[in-house]
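Before any comments, here is the structure.
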Amino acid sequence: MKNSKIDYIPISQPSITQKEIDYVTDAVKSGWVSSLGTYVDKFEKMFSEYCDTKYALTTANGTVALHLALAALGINQKDEVIVPDFTFVATANAVKYLGAKVITVDIDEETYCISPKAIEKAITLKTKAIVPVHLYGQPANMDEINTIARNNNIFVIEDAAEAHGAEINGRKVGGLGEAGIFSFYGNKIITSGEGGMITTNNHILYEKMKYLRDQAMSPEKRYWHTEIGFNYRMTNLQAALGLAQLERIDNILEKKVEIFSWYHNNLNNIKGIKLNPKLANYRNVYWVICIELLDFSENQRDNIMEKLKEHNIDSRPYFYPISEMPMYSRVNTPVTQLISRRGINLPSYYDITQDQVLYICDTLKKLL
Ligand SMILES: *Cc1c(COP(=O)(O)O)cnc(C)c1O
């Protein structure tokens, strides 16, 4: 293989320090291995403080966090829920679990996030909720989305699975709608192995979600259940890992900005390349590096990814449009369709070095 000196550069890997090892070891030694235990409480408390929300509730993963929030809001088969066409499939699937109709709409070219104009066009009398996604770490236009929602009496649930710590005008995502959901999967900004969190300021919603998360068991009468609940709890072991990561999040996010600046300095002036958005008033947390190859077809894009792999560089294609998948209905979303097939994500994990990023940028430039 060419460049045998270069070790394989993965797209993502978690940053595990002694703190993570200590907390997880402590949790497992304590005997509190399931969902009771001090780390769950500490993780929830610190996360709610971090997001500046009144409540935070741990869940088994980000997908069920979204399902739980929508279920607690009473979304059902009669309802329609608007989601961006450009997102990870879980956003739409969680709506589908409730039997509600998934309405996929187009994105804003600049932010890659759901287009407020497209939302307005998609609203009907059946619309119950909008799930904006803060894609790849860039917040969606929550001001406009919230205005539309208020005018139409619709819930807004933020899918912040990729955007821990992202902000609009100094206000953290997760606290900008009725509820926000996060993921702690191994490749996300911070991880608990598998895991999720729901943030909210709404006390009644919080209590309802907590109840449904724990099999909807009556608080007064053990093993008495009045509706169909779920077991969507996080374990104390996961929470121990998550808490250690959360205590390091400022440092982790600083590193993300630094890594983005390395890519930016090397690729910003190359014609035909567009990097992650950098907009006034928005704090993008650069979950992954986004490279849009403006003049490329899908085949040419896939070919570049193949070549990068031969040079020991891992990459990912942008998400495919949800509406093109067989479980969902075809809709016309020209921006999503164009962008999704010409973008790639490049490595941006905590321990990547400036030399490695230079090597990736040089290789990419040669290939183009
Ligand atoms: C990762 C992700 C989810 C789901 O999170 P899991 O923890 O993997 O279930 C949902 N939405 C988006 C946008 C994601 O990236």
Side-chain angles (χ1 to χ4, degrees), residues 7-17 19-21 24 43 47 58-66 84 86-94 112-113 133-139 158-166 173-174 180-197 234-235 237-260 262-263 275-276 284-291 305 308-309 312-320 322 340 343-353 356-357 360:
D7 284 337
Y8 187 68
I9 307 175
I11 184 81
S12 160
Q13 67 183 27
S15 162
I16 305 297
T17 66
K19 184 192 275 285
E20 281 81 356
I21 295 166
V24 174
F43 189 31
F47 202 84
T58 46
T59 58
N61 58 61
T63 307
V64 302
L66 196 50
F86 190 42
T87 179
F88 181 57
V89 73
T91 314
N93 285 354
Y112 288 175
C113 298
V133 180
H134 305 309
L135 204 76
Y136 300 132
Q138 162 67 38
E158 300 174 78
D159 181 340
E162 307 177 354
H164 317 56
V173 301
I181 74 98
F182 294 83
S183 166
F184 305 111
Y185 184 68
N187 70 356
K188 296 289 160 82
I189 300 228
I190 58 171
T191 185
S192 62
E194 294 271 1
M197 190 83 79
M234 175 184 276
T235 69
L237 301 182
Q238 291 167 301
L241 180 53
L243 180 68
Q245 293 260 293
L246 183 57
E247 288 179 356
R248 296 177 50 222
I249 194 167
D250 289 341
N251 178 250
I252 290 170
L253 291 180
E254 261 172 46
K255 187 68 192 269
K256 287 276 182 207
V257 172
E258 190 177 23
I259 294 166
F260 175 73
W262 296 338
Y263 278 101
L275 284 145
N276 304 59
N284 187 339
V285 287
Y286 306 112
W287 171 51
V288 285
I289 297 300
C290 295
I291 305 279
M305 290 176 51
L308 286 169
K309 198 166 201 167
N312 277 343
I313 301 163
D314 197 11
S315 63
R316 290 284 180 278
Y318 277 13
F319 297 124
Y320 294 97
I322 298 289
S340 70
I344 56 176
N345 298 123
L346 291 175
S348 62
Y349 52 91
Y350 185 82
D351 290 310
I352 200 167
T353 64
Q356 284 175 313
V357 171
I360 294 169

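The figures that follow rest on heavy atoms only: side chains count, while hydrogens, waters and symmetry mates do not. Every value quoted in this text rests on a predicted model; they were computed, and no experiment measured them.
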Check: For the atom pair CH2 (W262) and OG (S348), what is the distance rounded to the nearest 0.5 Å?
Finding: 11.0 Å
Next item on the list: Taking all non-hydrogen atoms of both residues into account, name the closest pair between D351 and Q13 and its distance.
Entry: CB-NE2, 4.2 Å
Check: Are the ring centres of Y136 and F319 closer than 6.0 Å?
Finding: yes
Next item on the list: Enter the distance from I21:CD1 to L241:CG here, rounded to the nearest 0.5 Å.
Entry: 10.0 Å
Note to self: If I take atom CG from residue N61 and atom NZ from residue K188, how far apart are they, to the nearest 0.5 angstrom?
What the structure shows: 9.5 Å
Check: Does atom OH of Y318 have more than 12 heavy-atom neighbours from other groups under 6.0 Å away?
Finding: yes
Note to self: Please verify the inter-ring angle class for F86 with Y112; under 30° counts as parallel, over 60° as perpendicular, anything in between as tilted.
What the structure shows: perpendicular
Item checked: M197 and F43: CA distance, side-chain angles, deciding distance, side-chain contact (heavy atoms from CB on, under 4.5 Å) verdict -> CA-CA 10 Å; M197 190 83 79; F43 189 31; 3.8 Å; yes
Item checked: Cationic tip of K255 above Y350 ring, under 6.0 Å, 45° of axis -> yes
Check: Which pair of non-hydrogen atoms, one from A163 and one from G137, has the smallest distance, and what is that distance?
Finding: CB-CA, 4.0 Å
Note to self: Show, in sequence, the C-alpha distance, side-chain angles and deciding distance for V89 and I322, and conclude whether the side-chain contact (heavy atoms from CB on, under 4.5 Å) test is met.
What the structure shows: CA-CA 6 Å; V89 73; I322 298 289; 4.2 Å; yes
Notebook entry, point to check: What do the steps show when you test F47 against F184 for ring-ring contact (aromatic ring centres under 6.0 Å, His included), and what is the final call?
Noted result: CA-CA 12 Å; F47 202 84; F184 305 111; 5.6 Å; yes
Next item on the list: Any chance you could measure T17, atom OG1, to Q245, atom CD, to the nearest 0.5 Å?
Entry: 7.5 Å
Notebook entry, point to check: Do you know which two heavy atoms are closest between S12 and G186, and how far apart they sit?
Noted result: OG-O, 4.4 Å
Next item on the list: Indicate yes or no for a side-chain donor-acceptor contact from E194 to the backbone of A60 under 3.5 Å, with no hydrogens or angles considered.
Entry: no
Next item on the list: Heavy atoms only: give me the nearest N345-P317 pair and the separation to one decimal.
Entry: OD1-O, 3.8 Å
Note to self: Run F88 and V133 through side-chain contact (heavy atoms from CB on, under 4.5 Å) and show every step you take.
What the structure shows: CA-CA 9 Å; F88 181 57; V133 180; over 6 Å; no
Notebook entry, point to check: Taking T191 for the side chain and Y185 for the main chain, is one N or O donor matched with an acceptor at less than 3.5 Å?
Noted result: yes
Next item on the list: Apply the test side-chain contact (heavy atoms from CB on, under 4.5 Å) to residues L346 and L308: give CA-CA distance (whole Å), side-chain angles for both, the deciding distance (0.1 Å), then the verdict.
Entry: CA-CA 10 Å; L346 291 175; L308 286 169; 4.0 Å; yes
Notebook entry, point to check: Between D314 (side chain) and I11 (backbone), is there a donor-acceptor pair under 3.5 Å?
Noted result: yes
Margin query: Looking at C290, is its backbone amide N or carbonyl O close enough to the side chain of N276 to form a donor-acceptor pair, meaning the two atoms are under 3.5 Å apart?
Written below: yes
Item checked: Which atom of P347 lies closest to which atom of P10, heavy atoms considered -> CB-O, 3.2 Å
Notebook entry, point to check: To the nearest 0.5 Å, how far apart are CH2 in W287 and NE2 in H134?
Noted result: 14.5 Å
Checklist line | For the student: nearest non-hydrogen atoms of A244 and K19, plus distance | finding: O-CD, 3.5 Å
Next item on the list: Any chance you could measure I360, atom CD1, to I313, atom CD1, to the nearest 0.5 Å?
Entry: 5.5 Å
Check: Side-chain donor-acceptor pair under 3.5 Å between R248 and S15, yes or no?
Finding: yes
